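Notes follow the structure.
Order of the sequence lines sets the chain letters (A, B, ...), proteins ahead of strands, with each chain counted from 1. The model shown is predicted, which means the values in this text are computed figures rather than measured ones.
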Protein chains: 2
Amino acid sequence: MADKSERRADPLSQERIVSAAIAILDEGGAGALTFRALSARLATGSGAIYWHVADKQALLTAATDQVIAQAMARGGDGTPPDEAIRALALGVFDTIDAHPWVGAQLADDPWQHAVLRILEGVGAQVAALGVPEEGRFNAATALLSFILGLAGQYAVGSSRFGGDMDRATFLREVASQWAQLDPVEHPFVREVAAQLPQHDDRQQFLAGVDLILAGIERSRRSRRTSG
Amino acid sequence: MADKSERRADPLSQERIVSAAIAILDEGGAGALTFRALSARLATGSGAIYWHVADKQALLTAATDQVIAQAMARGGDGTPPDEAIRALALGVFDTIDAHPWVGAQLADDPWQHAVLRILEGVGAQVAALGVPEEGRFNAATALLSFILGLAGQYAVGSSRFGGDMDRATFLREVASQWAQLDPVEHPFVREVAAQLPQHDDRQQFLAGVDLILAGIERSRRSRRTSG
DNA sequence: ACCTGAACACCGTTCAAGT
DNA sequence: ACCTGAACACCGTTCAAGT
């Protein structure tokens, strides 16, 4: 018989608490994670959790770190750096797709370890790409910011209407809203509304990554030519 | 005699409520905005606010929209499109610098009007840049995602330690933390830590914008060459 | 050392009652 | 039509008391 709550027998630990938190977040979103829900699932008192975890912020950080660490572990050895960057970016994208609360959490604290993990992965490949040391920080943070920005954007859209409708229906609805905007004030958004329903989030995400990679390649070449 | 609270005489209105909310957010950050603080400043009952504003989310959206609308109003007419994009991006950056809560709010709801305003501004310039219609959406959202991503990142760092220390001290502290990371697991972040203290956020932000602009230019050329 | 669970100081939101 | 302010249903966090 499946029982969501854990047996009271085994003692509490950071690890068990974080796992339970991730399960609650995946099932109900960021709003569902409360210390009361958590202690109920763990069959313990709400105060007990504070013996193992400093506070809710620390819990969210730990949960995010675990999820991102798993995503980063899938390292592409032997693949060319630009391919590796695409794979890494898609890995983050798919992770946020599977755990939408991670998007907001990454944006909420850019100095947390999970973000450093992504920066490390991106930076290593930027270096492998041949970018000289002075340019690596800017190139890596540009990629990082884009990844966090678009992935977070996608996360909200997908999670907000996750229950009521699917992504396609949601996009069609947004498109019809955009199409009704003031033509004088929003000509571009209106024009782009037509592309919205049939657009593919992953494809758009990759197109952005490729744009930045092209920019990196271009500035690398001009530097070599002029230097 | 300066009095922060408004005179009870004038009637409540959406506009007065939003202005008061912005003032509270600017002074105390996102955590300071409560309906109790708001009603105290407006010298009214907490329930009265609900007659003019649907809920807290709507209030935050309206506040963000007003701040971003002001930033977008400074339109650079007559400047070349790439310059206009840089100016526009910096405008958003500086706005978030002045109102750090805007960063989180923009990331929190990517479909709100404030985000559309930015997308509209970016998209118009992307079109002026000569990008063909099929490529504009991807190019504009790439720029948008980068702007929201890095600006949000900066906002958190600057606001979190706004009271205790200045940005330079904060960066020096982060750098020394990064320098102590495991060399095997985080070689890149450790390398980059050395650049952190003397780096300029605005410069890094512009470098990222330029990278994407270079990528847009490159794919525009290759398309023309191959087409 | 670890856990319990009532209690505290907050929230956003509602709503009967006023003007 | 607009405003009041107590009340409700929640939060995160603390802490005396247990084992």
Side-chain angles (χ1 to χ4, degrees), chain A residues 5-65 101 104-105 108-109 112 156 159-160, chain B residues 5-65 101 104-105 108-109 112 156 159-160:
Chain A
S5 66
E6 325 226 347
R7 269 176 306 113
R8 179 65 194 74
D10 21 70
L12 231 41
S13 66
Q14 247 245 36
E15 202 192 353
R16 279 189 61 222
I17 294 172
V18 170
S19 294
I22 291 174
I24 291 175
L25 288 163
D26 286 346
E27 287 165 17
L33 181 64
T34 67
F35 276 77
R36 282 164 179 83
L38 194 56
S39 58
R41 178 184 277 259
L42 291 166
T44 182
S46 61
I49 295 166
Y50 284 90
W51 190 264
H52 303 273
V53 165
D55 54 20
K56 194 179 183 181
Q57 186 52 52
L59 181 58
L60 278 166
T61 301
T64 304
D65 193 44
W101 51 273
Q105 183 51 34
D108 203 59
D109 181 6
Q112 65 187 311
V156 176
S159 69
R160 177 112 59 102
Chain B
S5 65
E6 326 226 344
R7 269 176 307 115
R8 179 65 195 74
D10 22 70
L12 230 44
S13 67
Q14 246 245 38
E15 203 193 352
R16 280 188 61 223
I17 293 171
V18 171
S19 293
I22 291 175
I24 291 175
L25 288 163
D26 286 347
E27 288 166 16
L33 181 64
T34 68
F35 276 77
R36 282 165 179 81
L38 195 54
S39 58
R41 178 184 277 257
L42 290 166
T44 184
S46 62
I49 295 166
Y50 284 89
W51 189 264
H52 303 273
V53 165
D55 54 18
K56 193 179 183 182
Q57 185 54 51
L59 181 58
L60 278 166
T61 300
T64 304
D65 193 45
W101 51 274
Q105 183 52 33
D108 203 58
D109 182 5
Q112 65 188 311
V156 177
S159 69
R160 177 111 61 100

Interatomic distance where [atom1] belongs to [X] and [atom2] belongs to [N] [whole Å]:
{"X": "A:Leu12", "N": "C:dG5", "atom1": "CG", "atom2": "C1'", "value": "15 Å"}
{"X": "A:Leu59", "N": "D:dC11", "atom1": "CG", "atom2": "C1'", "value": "15 Å"}
{"X": "A:Leu38", "N": "C:dG5", "atom1": "CG", "atom2": "P", "value": "16 Å"}

Each stem that DNA chain D is part of, given as range with range (3 or more consecutive Watson-Crick or G-U pairs, under 3.5 Å):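 Correct response: C:4-8 with D:12-16, C:12-16 with D:4-8.
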
Working to the nearest 0.5 angstrom, can you tell me the gap between A:Leu42 CG and A:His52 NE2?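 The NE2 atom of A:His52 is 9.5 Å from CG of A:Leu42, to the nearest 0.5 Å.
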
Reported CD1-to-NZ distance for the pair B:Ile49 and B:Lys56, which is rounded to 0.5 angstrom: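 The distance works out to 11.0 Å.
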
Please walk me through it: do B:Leu25 and B:Leu60 pass side chain to side chain contact (heavy atoms under 4.5 Å, CB included)? CA-CA 10 Å; B:Leu25 288 163; B:Leu60 278 166; 4.1 Å; yes

Backbone N/O of A:Gln105 and side chain of A:Gln112: donor-acceptor pair under 3.5 Å: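 Confirmed, A:Gln112 side chain pairs with A:Gln105 backbone.
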
Is it the case that the side chain of A:Arg36 and the backbone of A:Ser46 share a donor-acceptor pair, with hydrogens and angles ignored and the cut-off at 3.5 Å?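 Answer holds: no.
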
Do A:Thr64 and A:Asp109 make a side-chain contact, defined as non-hydrogen atoms from C-beta onward lying under 4.5 Å apart?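 No - every pair of side-chain heavy atoms lies 4.5 Å or more apart.
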
If the cut-off is 4.0 Å, is B:Trp51 near the phosphate of D:dC3, judged by side-chain N/O to OP1 or OP2?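 Answer is no, no contact under 4.0 Å.
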
Review item, nucleotides 12-19 of chain D N/O atoms under 3.5 Å of protein N/O:
from: D:dG12; atom 1: OP1; to: A:Leu33; atom 2: O; distance (Å): 3.4
from: D:dG12; atom 1: OP1; to: A:Lys56; atom 2: NZ; distance (Å): 2.8
from: D:dG12; atom 1: OP2; to: A:Phe35; atom 2: N; distance (Å): 3.1
from: D:dG12; atom 1: N7; to: A:Arg36; atom 2: NH1; distance (Å): 2.9
from: D:dG12; atom 1: O6; to: A:Arg36; atom 2: NH2; distance (Å): 2.9
from: D:dT13; atom 1: OP2; to: A:Tyr50; atom 2: OH; distance (Å): 2.9
from: D:dT13; atom 1: OP2; to: A:Lys56; atom 2: N; distance (Å): 3.0
from: D:dT13; atom 1: O5'; to: A:Tyr50; atom 2: OH; distance (Å): 3.1

Other residues, nucleotides and ligands only: do more than 12 of their heavy atoms fall within 6.0 Å of CD on B:Glu15?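 No.
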
Before giving the answer on side chain to side chain contact (heavy atoms under 4.5 Å, CB included), spell out for A:Asp55 and A:Phe35 the whole-Å C-alpha distance, their side-chain angles and the decisive distance to 0.1 Å. CA-CA 10 Å; A:Asp55 54 20; A:Phe35 276 77; 5.6 Å; no

